[in-house]
2 protein chains.
Amino acid sequence: MESQQKILDSAIEVLNEDFSAPIDVIADKAGLSRRTLHRYFKDRTALIDACLLNMMQTWETAMLQACSNSDDPVKQLEGMLYAGIDCGVKYAFLHKLSKQQPTSTNSKYTSAREKWFQLIPQLQQKKIISDKIDAAWIRLLFIQMIHTTIEAYRSGDIAPNEIKRMAWYSFRRSIGMK
Amino acid sequence: MESQQKILDSAIEVLNEDFSAPIDVIADKAGLSRRTLHRYFKDRTALIDACLLNMMQTWETAMLQACSNSDDPVKQLEGMLYAGIDCGVKYAFLHKLSKQQPTSTNSKYTSAREKWFQLIPQLQQKKIISDKIDAAWIRLLFIQMIHTTIEAYRSGDIAPNEIKRMAWYSFRRSIGMK
DNA sequence: GTAAAATGTCACAAAGTTGAGACATTTTGA
DNA sequence: TCAAAATGTCTCAACTTTGTGACATTTTAC
């Protein structure tokens with residue numbers, strides 16, 4: 001595998017464990033020297049930015065896939081949740097990041113994310129989900145359901161095969177679907 | 001106010017914004033010098049540990065209060081959620097912390113937390129909430145609903161007065177209550 | 001095999017963080 | 001008022017992290 005991708009994968013894994021981890025740790029895990037890492041990524045910021053870009057692309061692809069798999073908006077929403085879960089588990093540290101100061105890539109990322117949530121008002125108009133609930137609240141529920149799932153995986157208290165099912169059950173009910 | 005408490009309050013506020021913030025920032029916000037801070041807290045670890053202890057006490061008190069306010073387990077659960085929200089908003093950075101390496105105080109904190117979730121099986125036996133859902137999953141939903149709320153406050157997208165109502169609506173439905 | 005590309009090693013300086021000593025100054029409380 | 005406690009200021013040493021230059025070694029591709 002390309003060194004650049006190795007570093008990226010390593011960074012994703014390490015920063016998930018400890019966001020403030022020294023760069024050495026990332027390089028070690030990638031099986032490369034810190035010096036080499038810096039040949040690919042100018043500095044820490046550039047590395048994190050690259051992770052963000054990596055995630056955007058991955059998620060965007062998975063979301064598109066989910067939408068093209070069905071014409072039923074509900075099925076699309078379900079698929080998007082699953083895509084979000086798969087992606088969220090892999091890139092969990094970026095969620096922590098987005099709570100801090102935003103980066104340039106970050107704004108692109110959130111604006112890309114916004115696009116997908118245009119589905120919500122659409123579902124509200126069709127009375128599939130309650131219009132008593134603020135769309136912004138639903139967006140947060142969606143994101144946080146992914147966080148919940150990440151925690152569920154991490155805790156080991158719950159059978160992994162059950163998690164997605166429960167997540168979809170809880171999410172669709174939390175937004176007022178039957 | 002006591003300097004110790006001033007520092008504690010400042011730490012809670014600053015670390016919420018940026019968990020890796022240098023100690024100077026905390027001392028500044030407390031209106032004290034870094035030197036003085038170190039007279040009260042041996043090092044960074046001791047300070048964070050103190051924040052943790054502070055939270056445990058606050059939450060425990062608020063939870064007890066919520067339980068004593070009613071005999072109805074559902075009302076108790078609702079009150080506990082609100083207590084958790086109030087507390088969670090104030091001590092949000094500790095949630096991030098608990099995802100990292102646990103401290104000595106941390107284990108006490110989680111074990112204290114466990115006690116409160118004995119309410120869940122009890123509600124499942126009474127068929128008030130679905131017993132198809134794993135109690136561990138419900139515990140995570142509870143915690144994450146607090147995270148959601150924290151985000152909701154922070155985002156500013158949602159009317160603050162609506163947040164608790166929506167949180168309780170979404171939470172009780174997510175665990176299978178009507 | 002050989003040249004170019006990639007990587008490793010070592011060394012280094014700049015910067016940031018941390019905790020504490022020494023001593024001056026201020027605040028507190030009786 | 002006065003002594004004790006609390007705090008500030010200044011300083012310092014130890015440590016960590018970071019990015020980079022110089023040069024050796026290995027790997028790759030032809």
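Throughout, protein chains are lettered first and strands after them, A, B, ... in sequence-line order, and every chain is numbered starting at 1.
Taking 4.0 angstrom as the limit, B/S33 places a side-chain polar atom (N or O) nearer than this to OP1 or OP2 of D/dG8. Distances shown here put a side-chain N or O of B/Y40 below 4.0 Å from the OP1 or OP2 atom of D/dT7.
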Exercise. Base, backbone or nothing for each nucleotide of nucleotides 11-30 of chain C, written B, S, -, heavy atoms under 4.0 angstrom, 5' to 3'?
Worked result: ------SBBBBB--------
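With hydrogens and angles left out, the side-chain atoms of B/Q76 and B/D72 include no donor and acceptor closer than 3.5 Å. Side chains of A/S170 and B/W137: a donor on one and an acceptor on the other come within 3.5 Å. If you check the side chains of B/Y169 and A/S174, you find no donor sitting under 3.5 Å from an acceptor.
Of the candidates B/D28, B/L32, B/D24, B/I23, B/L37 forms a side chain to side chain contact (heavy atoms under 4.5 Å, CB included) with just one, namely B/I23.
What separates CG of A/L32 from P of D/dG19 is a distance of 17 Å, to the nearest Å. Following rounding to the nearest Å, B/Q4 (CD) and D/dA5 (P) show an atom-to-atom distance of 17 Å.
Taking the six-membered ring for Trp and thresholds of 30 and 60 degrees, B/W59 and B/F142 have nearly parallel ring planes, at less than 30 degrees apart.
Residues B/K164 and B/D86 are in side-chain contact: their nearest non-hydrogen atoms beyond the backbone lie under 4.5 Å apart.
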